[in-house]
Protein chains: 2
Amino acid sequence: MKKEQVTMRDIAGRLGISTVTVSKALNDKEGVSEELKARIKETAKEMGYRLNLAARAMKDGLSYNIGVIIPEQFTNVNHAFYLRVYQHIASRLEAYGYSSILHILTIEDEEALNLPRIYYEKKADGIIILGQIKPAYIEAVQQMTIPKLFLDFYQEGAQVDSIVTDNFYGSYELVSYLIREGHRQLAFVGNIHATSSIQDRFLGYYKSLLEHRIPLDPDWIIKDRDEQGILIDLELPTRMPTAFVCNCDQVARALIEKLKKEGIQVPADCSVVGYDNDIFATVSEPQLTTVEVDMEMLAGAAVKTMMKKISRGEASTGRTVVQGRIIYRDSVKSLTQAQSTD
Amino acid sequence: MKKEQVTMRDIAGRLGISTVTVSKALNDKEGVSEELKARIKETAKEMGYRLNLAARAMKDGLSYNIGVIIPEQFTNVNHAFYLRVYQHIASRLEAYGYSSILHILTIEDEEALNLPRIYYEKKADGIIILGQIKPAYIEAVQQMTIPKLFLDFYQEGAQVDSIVTDNFYGSYELVSYLIREGHRQLAFVGNIHATSSIQDRFLGYYKSLLEHRIPLDPDWIIKDRDEQGILIDLELPTRMPTAFVCNCDQVARALIEKLKKEGIQVPADCSVVGYDNDIFATVSEPQLTTVEVDMEMLAGAAVKTMMKKISRGEASTGRTVVQGRIIYRDSVKSLTQAQSTD
DNA sequence: CTGAAAGCGCTTACAG
DNA sequence: CTGAAAGCGCTTACAG
């Protein structure tokens, strides 16, 4: 059912002028008298004209769309984060006259190395991949002959630029805060082989320990998930630390529940910090001290980089790092105060 | 930066044939010998050919995109639900050769009645609105000259078809279950003027009361949010029911926390049920008995209806209702058993 | 300031 | 079975 749509020709016909002039007027280009331009715009509005971007797109060899790909696997963990980042990306793109197509990469497609159809149909001028994908899929992605960008993760050796949150430094700061509060027995909770994020958060923790000459105790690296990312039951260490540094809020909350069942109160008997500042941070009892990613900056950096690549065919920007900040809540007890009031 | 892209002409040139034949072959149309077709497909693959859908789109006067609009306001409550429904919509659309553009309608744009740019640029052949929007915006939406569909809500009087979950019947079934379990003192938690969903869930509750000749007690309709949808502190009724029927899991969980603080155990002293089966249902302690929406059916119905509208210009389908199902968990105590063991 | 011509990459209807 | 021609709706480069 092809609808009779108003085109520039219709406007031109009505006004007895050419489509060229209509095009110029509607795009605010030089070469139309102000008076005619006004009349054209008015007529366009009156007739309910809407630009057919597909026509312009074809002329330019551009789609004016950016594909945002979120792997389904990660979508299940932290919907809020991905949806919000997407929203910020979309709104930034609007300023460039771009729309965004959200494609959720199913586990099956990731396994089978199926590239999204928007690529095969030239529906996107660039692709932003939001959330870690498997190495094999990364290779497939590199076959795509359009600009691409990794967001919120990176892969060593991959020839794809990425924008990441500063997991390393964020975690480092959070642990340094704990140490300033008098904690010196700090466990890390997370599978340090599961994702680059967890790994970096662990290394930030480790850096802070090193700086304060606190030895790293392997018994205090507690696995929270298997290599597939499926969360497992946490095992409390035999010797307890004064604080647990969890790689994410969800696990921090699970840990607190577990501690409660063992009769250990948080933060009275033991402090716990998370990471992400997602729903689990506020749903947890007590609410979590954690690190928040600046989603707006993350999205802003991604869009800016992508637009450069598209318009100027700009070369590699490498790894861009976006800072986070600590959100102080109720899951940490200050041991320095505690001692002074003893 | 216009990339040199492979076109049908390039393939035709290489093979010494016409683009018409290439087009026919690639689209599996009649009129090309099997042998030539195979050679064309092979060459296309070899040359890394990707269809330029924009060209076909222009010919057809179609964009092969459907816009999915989610109001930001609702996005903040239940990200998981919207993202998952979107995913199902997107994957259903793929089967029709369609992509989906997710547009999050900001509160400001909704207030200012700004229609999404994808409409003004003819980037979408149809629009699915997922989540309740304000009446004024509904009127704006009706100005759009492309097929539109409301998903997960409806508005009396609006000339727009909608697909909704059966809030009425789902709630009715859930309450009937509670009554079967011996409960006869049932409170409803939710602002029955806030959304059509809450209202329908309330009415399902009421229907079940009516059927069982249980009088409706106004003191047992407990407000959970203001008219803007902002959750407020719950006030427990002076006379306690044996079960609370909450309009959503989030509020059910908040209620349970509140009850705990008052020393009332769930479900031992009091039962609580939710609705939605979202993250709050499993994060709650105990986990909630609730109603789950069949998101796949919801999305499937939406896409089917939309495709009909686009291809056949089909008329109104009115209100389509999609069933949910009860998920039984640990927040309900059977009073019949309790009595029999007394 | 205004417009005729050509072209973006496909597909459709028709002719051979 | 194969292809020349026309057209989708816009924009660009050029001419007047």
Side-chain angles (χ1 to χ4, degrees), chain A residues 1-41 43-44 47-65 97 120-125 145, chain B residues 1-41 43-44 47-65 97 120-125 145:
Chain A
M1 182 203 57
K2 197 186 292 185
K3 275 270 188 55
E4 5 29 54
Q5 295 281 192
V6 183
T7 69
M8 286 190 180
R9 174 144 58 206
D10 298 326
I11 300 174
R14 171 97 81 110
L15 258 28
I17 55 177
S18 80
T19 59
V20 178
T21 303
V22 174
S23 171
K24 282 177 186 159
L26 261 23
N27 289 299
D28 285 313
K29 296 237 163 118
E30 304 254 289
V32 197
S33 66
E34 281 306 317
E35 191 251 324
L36 217 205
K37 192 204 273 191
R39 273 214 296 151
I40 290 171
K41 286 195 173 181
T43 309
M47 299 177 75
Y49 173 75
R50 291 181 292 141
L51 169 69
N52 187 334
L53 198 77
R56 180 193 292 175
M58 211 172 66
K59 192 105 199 358
D60 301 345
L62 248 27
S63 70
Y64 295 108
N65 286 136
Y120 288 114
E121 293 177 346
K122 294 204 181 120
K123 271 195 170 180
D125 301 334
T145 57
Chain B
M1 180 203 59
K2 197 186 292 184
K3 276 271 191 55
E4 3 33 53
Q5 295 281 191
V6 182
T7 69
M8 286 190 179
R9 175 145 58 206
D10 299 325
I11 301 174
R14 172 98 82 105
L15 258 28
I17 56 178
S18 80
T19 60
V20 177
T21 304
V22 174
S23 170
K24 282 177 186 159
L26 261 24
N27 290 300
D28 286 314
K29 296 237 163 118
E30 304 255 289
V32 196
S33 66
E34 281 306 317
E35 191 249 326
L36 217 204
K37 191 204 274 193
R39 274 212 298 150
I40 290 171
K41 287 195 172 179
T43 309
M47 298 177 76
Y49 172 76
R50 290 182 292 140
L51 170 68
N52 188 333
L53 198 77
R56 179 192 294 176
M58 211 171 68
K59 193 108 199 356
D60 301 346
L62 248 27
S63 71
Y64 295 109
N65 286 135
Y120 288 114
E121 295 178 344
K122 295 202 182 124
K123 271 193 168 180
D125 300 334
T145 57

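In what follows, chains are A, B, ... by sequence order, proteins preceding strands, each numbered from 1. Being a predicted model, the structure only gives us computed values, none of them experimental.
Across C:dC10, D:dT2, C:dT2, the shortest atom-to-atom separation from the side chain of B:L36 is found for D:dT2. Considering only the side chain of B:K24, D:dG3 comes nearest among C:dG9, C:dG3, D:dG3. Distances from the side chain of A:V32 to the nucleotides C:dT2, D:dG9, C:dG9 place C:dT2 closest.
Regarding B:E121, its CD atom lies at a distance of 14 Å from the C1' atom of D:dG9, rounded to whole Å. Remark: P of D:dG9 and CG of B:L62 are 12 Å apart, rounded to the nearest angstrom. Distance CD1 (A:I40) to P (D:dC10): 13 Å, rounded to an integer number of Å. When rounded to the nearest whole Å, the span between CG of B:D60 and P of D:dG7 equals 17 Å. For the pair A:N27 CG and D:dA13 P, the interatomic distance rounds to 14 Å; values are reported in whole Å. Spacing between atom CD1 of A:I11 and atom C1' of D:dC10 amounts to 12 Å, rounded to whole angstrom units. Counting to the nearest Å, the C1' atom of D:dC1 and the CG atom of B:L15 are 15 Å from each other. For A:E30 and C:dC1, the CD to P distance is 8 Å, given to the nearest whole Å.
A close approach under 4.0 Å does occur between a side-chain nitrogen or oxygen of A:K29 and OP1 or OP2 of D:dT12. Taking only side-chain nitrogens and oxygens, A:Y64 never comes nearer than 4.0 Å to OP1 or OP2 of D:dC10. Taking 4.0 angstrom as the limit, B:T19 places none of its side-chain polar atoms (N or O) nearer than this to OP1 or OP2 of C:dG9. Residue B:S23 places at least one side-chain N or O closer than 4.0 Å to OP1 or OP2 of C:dT11.
With a cut-off of 3.5 Å on both Watson-Crick or G-U wobble distances, the partner of C:dT2 is given as D:dA15.
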*Step-by-step side-chain contact (heavy atoms from CB on, under 4.5 Å) determination, B:V22 to B:Y49*: CA-CA 11 Å; B:V22 174; B:Y49 172 76; over 6 Å; no
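Residue A:E121 holds its CD atom at 10.0 Å from OH of B:Y64, rounded to the nearest 0.5 Å. If you take OG1 on A:T19 and NZ on A:K24, they are separated by 10.0 Å, rounding to the nearest 0.5 Å.
Taking for each of A:R9 and A:V22 the nucleotide of DNA chain D with the nearest heavy atom, the 5'-most of the two is the partner of A:R9. Nearest-nucleotide assignment on DNA chain C puts the 5′-proximal partner with A:V20, out of B:V20 and A:V20. Heavy-atom nearest nucleotides on DNA chain D were determined for B:M58 and for B:T21, and the one closer to the 5' end corresponds to B:T21.
The shortest heavy-atom contact between B:S63 and B:K122 is CB-O, 3.6 Å.
Side-chain contact between A:Q5 and A:N52: absent, with no pair of heavy atoms (C-beta onward) separated by less than 4.5 Å.
Applying the 3.5 Å distance criterion, the base of C:dG9 shares no donor-acceptor pair with the side chain of A:K59.
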